[in-house]
2 protein chains.
Amino acid sequence: MSNKIKIGIVGYGNLGKGAIEAIKQTQDMELVAIFTRRDPKDLNLNVPNVKTVHISEAIDYKNEIDVMLLCGGSAKDLPEQTPYFASMFNTVDSFDTHAKIPEFYQSVNEVATKNNTTAIISVGWDPGLFSVNRVMADAILPNGENYTFWGKGLSQGHSDAVRRVNGVKNGVQYTIPAEDAIEKVRSGANPELKTAEKHARVCYIVAEEGADKAAIENEIKTMPNYFADYNTDVNFISEEELNQDHTKAPHGGFVIRGGDTGAGNKQIFEFSLKLDSNPEFTASVLVAYARAAYRLNNEKQFGAKTVYDVAPGYISPRSAEELRRDFL
Amino acid sequence: MSNKIKIGIVGYGNLGKGAIEAIKQTQDMELVAIFTRRDPKDLNLNVPNVKTVHISEAIDYKNEIDVMLLCGGSAKDLPEQTPYFASMFNTVDSFDTHAKIPEFYQSVNEVATKNNTTAIISVGWDPGLFSVNRVMADAILPNGENYTFWGKGLSQGHSDAVRRVNGVKNGVQYTIPAEDAIEKVRSGANPELKTAEKHARVCYIVAEEGADKAAIENEIKTMPNYFADYNTDVNFISEEELNQDHTKAPHGGFVIRGGDTGAGNKQIFEFSLKLDSNPEFTASVLVAYARAAYRLNNEKQFGAKTVYDVAPGYISPRSAEELRRDFL
């Protein structure tokens, strides 16, 4: 048996695949098994020494896995899966339905506390790293204002919306943070900004042959909730272009706080990410926090935790001595 | 008696003055006293209900102060003061002599562990917030490279050096991060960069009347260690201009990590600060971490700690419930 932290992954979508890649980059973790609701034989997993197991058999792995990475979706999977798995395993998940976090926390905390497991919820970059920066900036500069911008990033919901428009064969939508809004915030002016002023929307559309492009453009730009309030740009491209330039899932964004200290000195705090692959980065954050779940559980810190409960040293594979010597 | 966290400040220089201002912005802290090596009467402190006390009488305040903010310098003050005060109080300091952190940690840890106090060392922005970001970025993107840039910022050591040049009446020096180097790093190229390639130096000089400006410029630009290896810009200005435009202490900088995930997807992680007042911001960080020192001590987490040992929630005045609901 190795001394490595033994990891299981639940779910073999983009996030689960990203987690496989992220674990490969670590020295202190090993992947034991992927758990799936599908027939495990259908996964065609090509990773040596990693099993594919039906999700119903997870309980048999209770003593073989230190931390379970829950890579399902927030809408349907995690509200059921996190409490279920937290009854048997330490877990890390990326639950990101902001409004439902308090009740999700309660349900997970109850199970984890009862079963002496540690469940770190809502890990990733937002919620996750962005959340950490919003709180640290707020604590350090009480007299100020937080701003979060998202993008440039592919939005799944908005891409689905444009694809439903009559005459659209295929298409994608990017959310773009508005440069002028960012510059205003960076100046320390703490402006009042509506969401629509903070972001623009850019669509790349493949039209059906003979479709009325002006009508498509108009329908998209006037679509309530999704586009009507935004500065929206619609570009028509060929299917080849779409397949060549728009198959990745880039994302990112900014957390900026402008605050005053003393007699009006402006202090600007900024955190940003520019990601070629949103799911691979999110998975990398989950994997780092799996280390923290393992260590917190060894210290008998049971129950549901968030990124606010995790000291930075706990996510690092390096020793405290090395961190003080080489990184402080 | 209020429920507020009771704070003492040791040292009444720029950092100590910044701490007074930062405490004013909190709701959960109160400043009890300033401790000084000078005659306390000479401080001319104009803050209601705050005492000025000679440093030798600090022991009398053992039961009246929860956390002592040590606002002295790293060269001579803190190596003596932190172990001394950590024998009686919880402390936070900004020790920033990177090479000596391991031995400083040892000496403080010994005293604090023995006396059941909690001493958070090397707090501020670098070391401090930059250190947190270097470690989190390294943990999340193991296959990458960290870069730290400083500036635009006033450098005290380099300003002293230009003022020693023959014919210079007064002057200041700013360290400027090189835009082209930052752009290279932001592109994810992970370039090899010498310190001199990462930063430029800009001097604003008031020359003595009749001084040979070309000779001054040449002497500065060829000064070994300080300027010779750098792209250095020398500007001559009037004394009025110096007093008007160059009396603040701005600073800031960037921590950037470019890393690869999966099959070569670039992921860029960036943290930056743009500060009108370096000492006021540093003091604001110290004050936030005083909250953590107080809480860790209540949990009997004794000994020396660094920012790596402090979960983000511990520096926030807000409850865990509020953080999960409004910030996550």
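Within every chain, numbering begins at 1; the chains are lettered A, B, ... in the order of the sequence lines, protein sequences first and strands thereafter. Fair warning: this is a prediction, and the values are worked out from it, not measured in the lab.
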- [ ] Any chance you could lay out the side-chain contact (heavy atoms from CB on, under 4.5 Å) test for A:Tyr105 and B:Leu328, step after step, and finish with the verdict?
- [x] CA-CA 11 Å; A:Tyr105 171 85; B:Leu328 197 60; over 6 Å; no

Among [options], which residue has the highest count of heavy-atom pairs closer than 4.5 Å to chain A?
options: B:Gly18, B:Ala139, B:Ala263, B:Ser316; result: B:Ala139
options: B:Gln25, B:His98, B:Met136; result: B:Gln25
options: B:Ser284, B:Ala22, B:Pro127; result: B:Ser284
options: B:Pro102, B:Gly262, B:Gly252; result: B:Gly262
options: B:Gly313, B:Pro312, B:Ala288; result: B:Pro312
options: B:Arg186, B:Gln27, B:Lys266; result: B:Lys266

Open item on the list: Please determine whether ring-ring contact (aromatic ring centres under 6.0 Å, His included) holds for the pair B:Phe269 and A:Phe271, giving the CA-CA distance in whole Å, both sets of side-chain angles, and the decisive distance to 0.1 Å.
Closed with: CA-CA 8 Å; B:Phe269 179 115; A:Phe271 179 78; 5.0 Å; yes

- [ ] Heavy-atom pairs under 4.5 Å with chain B are the metric here; pick the option from A:Glu280, A:Arg291, A:Glu321 that has the most.
- [x] A:Glu280

TODO: Select, from A:Ser272, A:Ala99, A:Gly128, the one with the greatest count of heavy-atom pairs under 4.5 Å involving chain B.
DONE: A:Ser272

Between [X] and chain A, which part of the residue has a heavy atom less than 4.5 Å away: side chain, backbone, both or neither?
X: B:Asp309; value: backbone
X: B:Ile101; value: side chain
X: B:Tyr289; value: side chain
X: B:Lys17; value: neither
X: B:Ile20; value: neither
X: B:Pro142; value: both
X: B:Asp96; value: neither
X: B:Asn146; value: side chain

TODO: Would you confirm whether the ring centroid of B:Tyr308 sits within less than 6.0 angstrom of the ring centroid of A:Phe327?
DONE: no

Would you say [X] has more than 12 foreign heavy atoms packed within less than 6.0 Å of its [atom1]?
X: A:Glu183; atom1: CD; value: yes
X: B:Lys100; atom1: NZ; value: no
X: B:Gln301; atom1: CD; value: yes
X: B:Asn190; atom1: CG; value: yes

Atom [atom1] of [X] and atom [atom2] of [Y]: how far apart are they, to the nearest 0.5 Å?
X: B:Ser131; Y: A:Arg324; atom1: OG; atom2: CZ; result: 12.5 Å
X: A:Arg134; Y: B:Asp326; atom1: CZ; atom2: CG; result: 11.0 Å
X: A:Glu103; Y: B:Arg325; atom1: CD; atom2: CZ; result: 14.0 Å

Chain B contact via [X] - which portion, at a heavy-atom distance below 4.5 Å:
X: A:Val310; result: backbone
X: A:Asn133; result: side chain
X: A:Lys24; result: neither

Open item on the list: Give the interface residues of residues 253-260 of chain B toward chain A, defined by a heavy-atom separation under 4.5 Å.
Closed with: B:Asp260

Check: [Y] and [X] side chains under 4.5 Å, non-hydrogen atoms:
X: A:Val135; Y: B:Arg318; answer: no
X: B:Val287; Y: A:Ile140; answer: no
X: B:Glu21; Y: A:Thr261; answer: no

Task: Expected output: side-chain A:Asp276 to main-chain B:Asn265 donor-acceptor under 3.5 Å - done: no

- [ ] Using atom types as modelled and distance alone, determine if a side-chain donor or acceptor of A:Gln267 lies under 3.5 Å from a backbone N or O of B:Ser277.
- [x]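 Flag set: sc A:Gln267 to bb B:Ser277 pair under 3.5 Å.
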
